[in-house]
Structure formats: structure tokens, C-alpha cells
Amino acid sequence: MFKIFGSKKSGKEDREFLEMEVTEPVDCLGDFTFNFHWQHKGEKLDPSWKIPGNDLTFGDVVEHLKNNGNIRINGDAGHRLASSMGVDLQYFQGTGKDIPVGDIYVEGNVDTRMGISITRGNIYVKGEVKEPMGNLVEVKSNQKGYRQFRSITDIISNGLGKDKLLGCQLSGKKLLIDDGTVKDTVGARLDVDAQIIKKGDVDLSTGILMRKGTVRINGNTGKNTGALLNGGTLIIDGETDDFTAIDMIKGTIIINGNAGKFLAANKKSGIILAKKGSPIPPAEKKLQSDDQKLLIAHGFNPKGFKKFE
């Protein structure tokens with residue numbers, strides 16, 4: 001079941017709410033990728049599928065958000081809530097750019113991977129959020145009784161507005177994240193000359209689809225670090241898990257440790273500097289003078305580093 005009604009004024013224009021009742025957690029609500037539809041071609045999830053216990057479809061939710069409407073989930077949300085929210089994906093005949101969207105309100109808890117690769121919109125949660133969460137940081141909530149989360153990419157690209165960060169500091173085009181949480185997709189789709197620094201370990205797909213700027217992780221990262229990197233600089237002051245730089249298009253990745261197995265699978269171009277790794281298929285090369293200068297500029301001793309091209 002669902003209802004549409006006008007929201008109360010909260011400093012924004014009135015927005016219509018699409019409201020759903022869920023008796024158990026449902027995965028991929030507000031998922032603009034429909035769990036990477038291009039990979040499974042609708043076998044795992046399709047926009048036309050109805051949400052369990054409701055008359056509306058997964059596609060209805062995404063279209064409502066695209067039309068600047070809000071979503072209210074009365075119950076718990078499952079994994080991958082709001083994946084790539086705010087992206088007008090080319091796969092679905094979109095522009096590939098960010099678009100304004102509505103917000104999501106959850107009256108219960110949210111499972112892992114909330115907001116992976118999110119670029120716009122707010123997520124308000126009354127209950128707990130399991131880690132790893134996605135490309136999100138918490139701000140002081142403007143809605144009583146809810147925690148409020150915003151996209152890291154949105155904040156560094158478009159500013160905080162009236163929001164106040166919790167566990168993070170923004171100074172010009174430099175965002176320092178020290179909130180103690182484990183995140184996925186930090187800096188996803190970053191396309192401005194800015195710097196994001198995350199203290200501590202993170203999980204999947206750091207810097208995915210970046211085009212400009214710098215993302216630095218002062219810790220270790222999970223699988224698919226730098227996946228589809230299309231420019232900019234990604235610095236890992238630790239080690240990465242497997243499939244680093246998978247489908248990398250261009251840009252620079254520096255890893256102050258082991259880059260893992262299956263390094264640079266399907267890599268098109270770009271530079272990878274790491275102390276260790278098992279590449280597929282690029283050759284391991286000695287550092288050149290420019291590579292050494294680049295490492296020094298980012299605070300690393302070039303000794304022990306190798307170049308993978």
C-alpha cells in the first residue's frame with residue numbers, strides 16, 4: 001500500500017511524499033541502478049517489479065525521487081538503499097550527470113551499503129544504520145527524531161549550505177572525514193578539483209568513476225578500489241584488496257602497500273604506483289624521475305614502489 005500527500009514545510013518547497021509499509025527489510029529501495037541492472041538484465045531486479053507488500057514498483061520509487069518527491073519507508077530498509085541516488089544514469093537513457101532529487105525517510109533501521117555512489121539528496125533515518133555505509137557523512141539533522149546523511153560528493157562539490165557536519169571538517173575544497181565509520185564508494189563520481197581525506201579503513205570501490213580531484217584514504221581499502229577511475233588521483237596509505245583499478249580509464253592511483261590480486265584488470269590507461277601487486281595484464285616497470293617526484297609530492301618515500309602500466 002502507498003499514499004501520496006503533501007509534506008509539512010521544513011525550509012524547503014513542499015514536496016509530495018510517497019509512503020510505503022514494509023513488514024520486513026526490502027533491499028534496493030530507491031536504487032537508481034536497480035542493483036546494476038546492466039549486469040543481470042532484470043533477472044535479479046527490474047524497475048517493473050512490485051515492492052513486497054505494496055502496489056508500487058521499484059521504478060515508481062526512483063521516478064518519484066527524480067521528480068523531486070520524497071519517500072517514506074514505514075519499517076526497516078534492507079541493503080543498498082539509495083544506491084547511486086541523484087545520478088541520471090546513461091544505461092537508462094539519461095545524461096550521466098547529477099540531477100536534483102527528493103529525500104528518503106526511514107522510520108526504522110537500514111542495513112549495509114546505504115547510499116553507495118550517492119551524489120544528491122538526503123537520507124533521514126530514525127533507527128540504526130549498519131556499516132559499511134556508502135558515500136555518506138552525517139550532518140546535524142534538520143528533522144527532529146531522525147539522523148540525516150548527505151553525499152560526500154555532493155558536499156565537496158556543492159557545499160554544505162546550512163548543514164553542519166558531524167565528525168568531519170570542511171575547509172574550502174578540502175573535506176576531512178574522521179567519523180569512525182567504515183564506508184564504501186568514498187568520493188564516487190567526484191568531478192571537481194577538491195580533496196577528500198578519510199581517516200581509517202574503508203570498504204568497496206573507493207573513488208569509483210572519479211573524474212577530477214583527489215581522494216586519500218589513511219588506512220586500507222576493500223575490493224574494486226579505483227574501479228572505472230576516469231581521472232583524478234586516488235591515494236591509499238595502506239593496502240587494497242583484490243581487483244584494484246578494474247576497468248580503469250585514466251588517472252593516478254598510489255598505494256603505499258600491496259595492491260592485491262587481479263590488479264588493473266581491463267585497465268585502459270593511467271598510472272598505478274604500488275609497493276606490491278599481482279597485475280593483469282600490465283607490466284611491472286621501474287619508476288621514472290616523474291614518478292618519484294609524484295610520490296614525494298604526496299609525502300611518500302619512492303623506495304620500494306613499482307609502476308604498473
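Worth knowing before you read on, the calculation uses all heavy atoms, side chains too, and leaves out hydrogens, waters and symmetry mates.
Side-chain contact check for Val61 versus Leu56: some heavy-atom pair is nearer than 4.5 Å. Residues Ile51 and Leu29 form a side-chain contact, since some pair of their non-hydrogen atoms from C-beta on lies under 4.5 Å apart. Contact check for Thr221 versus Asp201: no side-chain heavy atoms found under the 4.5 Å cut-off. Contact of the Ile197 side chain with the Ile177 side chain is not registered, since no non-hydrogen atoms from C-beta on lie closer than 4.5 Å.
Under a hydrophobic-cluster definition in which Ile, Leu, Val, Met, Phe, Trp and Tyr are linked whenever side-chain heavy atoms come within less than 4.5 Å, directly or via other members, Val186 and Leu170 are assigned to the same cluster. At a threshold of 4.5 Å between side-chain heavy atoms, the hydrophobic network of Ile, Leu, Val, Met, Phe, Trp and Tyr places Ile208 and Met114 in two separate groups.
Listed by first and then second residue, the side chain to side chain donor-acceptor pair (under 3.5 Å) pairs involving residues 226-245 are Asp237-Asn256, Thr240-Thr244 (not counting sequence neighbours).
With respect to the salt-bridge test (charged N to carboxylate O, under 4.0 angstrom), the residues Asp103 and Arg15 qualify. With salt bridges taken as basic N to acidic carboxylate O contacts below 4.0 Å, one links Asp203 and Arg113. Residues Asp291 and Lys307 are paired through a salt bridge, judged by an N-O separation under 4.0 Å between the basic side chain and the carboxylate. By the 4.0 Å N-to-carboxylate-O rule, Glu128 lies too far from Lys130 to be salt-bridged with it.
Taking the six-membered ring where tryptophan is involved, the planes of Phe34 and Phe92 are perpendicular, since the angle between them exceeds 60° and thus also 30°.
Scored by the ring pair (Phe, Tyr, Trp, His ring centres under 6.0 Å) test, Phe243 finds Phe262 as partners (sequence neighbours excluded). With sequence neighbours excluded, no residue satisfies ring pair (Phe, Tyr, Trp, His ring centres under 6.0 Å) with His298. A search for side chain to side chain donor-acceptor pair (under 3.5 Å) contacts involving Arg189 returns nothing, not counting sequence neighbours. Legend: residues meeting ring pair (Phe, Tyr, Trp, His ring centres under 6.0 Å) with Phe36, ordered by chain and number and at least two apart, are Trp38.
Grouped with Phe300 in one hydrophobic cluster are Ile235, Ile254, Ile271, Leu273, Leu287, Leu294, Leu295, Phe305, the linkage being side-chain heavy-atom contacts under 4.5 Å among Ile, Leu, Val, Met, Phe, Trp and Tyr residues.
Between the side chains of Asp154 and Asn158, at least one donor N or O lies within less than 3.5 Å of an accepting N or O. Using a 3.5 Å distance cut-off with no hydrogens or angles, the side chains of Glu107 and Tyr146 do pair a donor with an acceptor. Residues Thr153 and Asn135 bring a donor and an acceptor atom of their side chains to less than 3.5 Å of each other.
Taking the ring centroids of Phe17 and Tyr105, they lie under the 6.0 Å cut-off.
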query: Can Phe32 and Lys66 be said to form a side-chain contact (heavy atoms from CB on, under 4.5 Å), step by step?
result: CA-CA 9 Å; Phe32 278 46; Lys66 285 183 176 180; 3.8 Å; yes
